[in-house]
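The structure appears right after this line, and notes come after that.
Computed from heavy atoms alone, side chains included, the values below leave out hydrogens, waters and symmetry copies.
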Amino acid sequence: MKKLPLIIYCFVYFLISLGDIVYSFINTGFSISMVISLIVSLILLVVCFGYFKSKAILDAGTWRRIFYILVTLYGLLLFMSLLSIGMPQSIEGVISVLMTIPVLYCLYTYSKGTQEFWGIKKK
């Protein structure tokens, strides 16, 4: 039951992400940023599924690399948002980064090589 609040948060996060993608598609049409957002959301969905079900999907090293890539991307988003303070997009960028932190925590925890479902025993 320790994971229950995180499960609920991730479920709400993915519903909001899906709604944002659909809204963007309806109002602005097809864009690269929408595709990137969809890919990131799907990656995080797969990670959360593996984390909550304690199932190994791919390997821990791959997920750790993806974690560092996503942290870098969200760090750049936060930096760019902070540079454009005063514009409405800056607030959206900061909120997006803050909302993603718990999901990135799931990715970090999932990518630890010492998790029992990776088949590596602790020393």
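Through side-chain heavy atoms spaced under 4.5 Å, either directly or across other Ile, Leu, Val, Met, Phe, Trp or Tyr residues, L83 is tied to F79.
Sequence neighbours left out, the pairs with a member in residues 83-109 that pass ring-ring contact (aromatic ring centres under 6.0 Å, His included) are F67-Y108.
Residues forming a side-chain hydrogen bond (donor to acceptor under 3.5 Å, both in side chains) with R65 (at least two apart in sequence, or on another chain): none. For Y13, the side-chain hydrogen bond (donor to acceptor under 3.5 Å, both in side chains) partners are T100, not counting sequence neighbours. By the side-chain contact (heavy atoms from CB on, under 4.5 Å) test, F11 pairs with L15, sequence neighbours left out. Take T62 and apply the side-chain hydrogen bond (donor to acceptor under 3.5 Å, both in side chains) test, not counting sequence neighbours, and it matches D59.
Both I101 and W63 belong to a common hydrophobic cluster when Ile, Leu, Val, Met, Phe, Trp and Tyr are linked at side-chain heavy-atom distances under 4.5 angstrom. If you chain together hydrophobic residues whose side chains sit under 4.5 Å apart, I57 and L104 fall into the same group. Linking ILVMFWY residues whenever their side-chain heavy atoms come closer than 4.5 Å, directly or via other members, places V103 and V12 in the same cluster.
Taking both residues in full, the closest heavy atoms of Y9 and L98 are given as OH-O, 4.3 Å, listed atom of the first, atom of the second, then distance.
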Report, one line per pair, each donor and acceptor closer than 3.5 Å where one atom sits in a side chain of residues 70-77; sequence neighbours left out.
from: T72; atom 1: OG1; to: Y68; atom 2: O; distance (Å): 2.8

Distance-only donor-acceptor hits, side chain of residues 38-50, under 3.5 Å, sequence neighbours excluded:
from: S41; atom 1: OG; to: S37; atom 2: O; distance (Å): 2.9

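For M99, the CE atom sits in a packed shell: over 12 heavy atoms of surrounding residues, nucleotides or ligands are nearer than 6.0 Å.
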